[in-house]
Asks: 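My questions will all concern the structure given below.
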Amino acid sequence: MMCGAFGLRRYQLRSALGTFDASVRHASGRWRAGVCRYADRELEFMSLFSLSPIPRHRYLRSSLRLDGWREPQGPDAKRLPAGWVVACLRHEGEDIEMAMNYGAYTGLSSWLEAGPVIGVGTWR
């Protein structure tokens, strides 16, 4: 019954455009499975194991820095799906790791790079 409920939740979250499966780990925590959604100025993370329609984390696009990616190593390799990579991010002084498939990583990288140039007048 629970697996069906979480499957339905994932289906509901992924039905919108601009979403991808991901797991997030903040410096002091463990991996949390969920779905990320691109918003106009934010990247939103909605936990898979929650019934709340409100995103668990919101990362402001202008404050999010991508420092590259790495292959999952050690215990991470067992906890994350095969073929996923770990993106190393920094948001407002906090290190964040976000695991996703490589296609989602290239999309995230493009979304961050496509933002306005500093000084032109919007969010940076």
Side-chain angles (χ1 to χ4, degrees):
M1 180 68 172
M2 289 297 274
C3 288
F6 292 124
L8 181 62
R9 167 111 171 124
R10 181 181 171 276
Y11 176 77
Q12 176 220 10
L13 292 174
R14 287 295 313 267
S15 64
L17 291 176
T19 60
F20 61 92
D21 291 325
S23 290
V24 172
R25 177 169 64 184
H26 289 250
S28 61
R30 53 177 224 215
W31 288 109
R32 295 193 180 275
V35 172
C36 284
R37 175 175 58 199
Y38 296 110
D40 193 28
R41 296 179 180 192
E42 297 175 319
L43 179 65
E44 301 173 336
F45 176 78
M46 290 152 299
S47 179
L48 188 59
F49 303 109
S50 169
L51 297 177
S52 174
I54 299 169
R56 182 175 183 87
H57 300 288
R58 293 176 192 257
Y59 306 106
L60 187 62
R61 185 179 187 179
S62 61
S63 300
L64 197 57
R65 186 180 81 205
L66 180 61
D67 292 332
W69 63 276
R70 65 175 177 81
E71 296 282 336
Q73 302 165 348
D76 292 348
K78 295 177 184 172
R79 297 190 66 78
L80 299 172
W84 278 28
V85 297
V86 178
C88 303
L89 301 162
R90 188 151 183 88
H91 182 256
E92 297 178 350
E94 181 183 9
D95 290 326
I96 301 164
E97 292 181 315
M98 187 176 291
M100 63 199 80
N101 69 36
Y102 190 75
Y105 170 79
T106 59
L108 175 63
S109 175
S110 297
W111 181 75
L112 289 172
E113 290 176 6
V117 178
I118 295 173
V120 169
T122 54
W123 50 266
R124 280 194 183 196

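All values below come from the heavy atoms of this structure, side chains included, with hydrogens, waters and symmetry mates left out. We number each residue from 1, following the sequence as shown.
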Asks: Testing the basics here: between Phe20 and Ala104, what is the closest heavy-atom pair and its distance to 0.1 Å?
Replies: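 Heavy atoms of Phe20 and Ala104 come nearest at CD1-CB, 3.7 Å.
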Asks: For the atom pair CZ (Arg32) and CE (Met98), what is the distance rounded to the nearest 0.5 Å?
Replies: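 One finds 13.5 Å between CZ of Arg32 and CE of Met98.
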Asks: Is there a side-chain contact between Asp67 and Leu89 (heavy atoms, below 4.5 Å)?
Replies: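 SC-SC contact between Asp67 and Leu89 ruled out.
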Asks: Looking at residues at least two apart in the chain, or sitting in another chain, which of them share a side-chain hydrogen bond (donor to acceptor under 3.5 Å, both in side chains) with Trp69?
Replies: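 side-chain hydrogen bond (donor to acceptor under 3.5 Å, both in side chains) list for Trp69, sorted by chain: empty.
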Asks: For Ala39, what residues pass the side chain to side chain contact (heavy atoms under 4.5 Å, CB included) criterion, not counting sequence neighbours?
Replies: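 Testing Ala39 for side chain to side chain contact (heavy atoms under 4.5 Å, CB included), a comparison that skips the adjacent residues, returns Glu42, Glu44.
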Asks: Of the non-hydrogen atoms in Pro55 and Met46, which two are nearest, and what is the gap between them?
Replies: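 Between these two residues, the closest heavy atoms are CA-CG, 3.6 Å.
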Asks: What residues, two or more places apart in sequence or in another chain, satisfy side chain to side chain contact (heavy atoms under 4.5 Å, CB included) together with His57?
Replies: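 For His57, the residues satisfying side chain to side chain contact (heavy atoms under 4.5 Å, CB included) (neighbours in sequence not counted) are His26, Phe45, Tyr59.
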Asks: Out of curiosity, Asp95 CG to Arg65 CZ, how far, rounded to the nearest 0.5 Å?
Replies: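 So the CG of Asp95 and the CZ of Arg65 are separated by 8.0 Å.
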Asks: Hydrophobic clustering (ILVMFWY, side-chain heavy atoms < 4.5 Å, transitive) - are Tyr102 and Trp111 grouped together?
Replies: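 Yes, same cluster.
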Asks: So, using side-chain hydrogen bond (donor to acceptor under 3.5 Å, both in side chains) as the criterion, who are the partners of Glu97 when residues are at least two apart?
Replies: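 Partners of Glu97 by the side-chain hydrogen bond (donor to acceptor under 3.5 Å, both in side chains) criterion, ordered by chain and then number, come out as Arg25, Arg70.
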Asks: Nearest 0.5 angstrom please: Leu66 CG to His91 NE2, how far?
Replies: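 Answer rounded to 0.5 Å: 13.5 Å.
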Asks: Is there side-chain contact between Arg61 and Leu43, with at least one heavy-atom pair below 4.5 Å?
Replies: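 With C-beta onward as the side chain, the pair stays apart.
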Asks: Got a second to check how far Glu92's CD is from Leu64's CG, nearest 0.5 Å?
Replies: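 So the gap between those two atoms works out to 9.5 Å.
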Asks: Are the side chain of Ser109 and the backbone of Tyr105 linked by a donor-acceptor contact shorter than 3.5 Å?
Replies: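 No, Ser109 side chain to Tyr105 backbone: no donor-acceptor pair under 3.5 Å.
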Asks: Nearest 0.5 Å, what's the CZ-OG distance between Arg79 and Ser23?
Replies: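 Result: 9.0 Å between the selected atoms.
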Asks: Considering residues at least two apart in sequence or located in another chain, which fulfil the side-chain hydrogen bond (donor to acceptor under 3.5 Å, both in side chains) criterion with Asn101?
Replies: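 Counting only residues at least two positions away or on another chain, Asn101 forms no side-chain hydrogen bond (donor to acceptor under 3.5 Å, both in side chains).
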Asks: With clusters built from Ile, Leu, Val, Met, Phe, Trp and Tyr whose side-chain heavy atoms come within less than 4.5 Å, directly or transitively, what are the remaining members of the cluster of Trp31, listed by chain and number?
Replies: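 Via sub-4.5 Å side-chain contacts, Trp31 links to Leu80, Val86.
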Asks: If you take all heavy atoms of Ala27 and Glu94, which pair is closest and at what distance?
Replies: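 Residues Ala27 and Glu94, closest heavy atoms: N-OE2, 4.3 Å.
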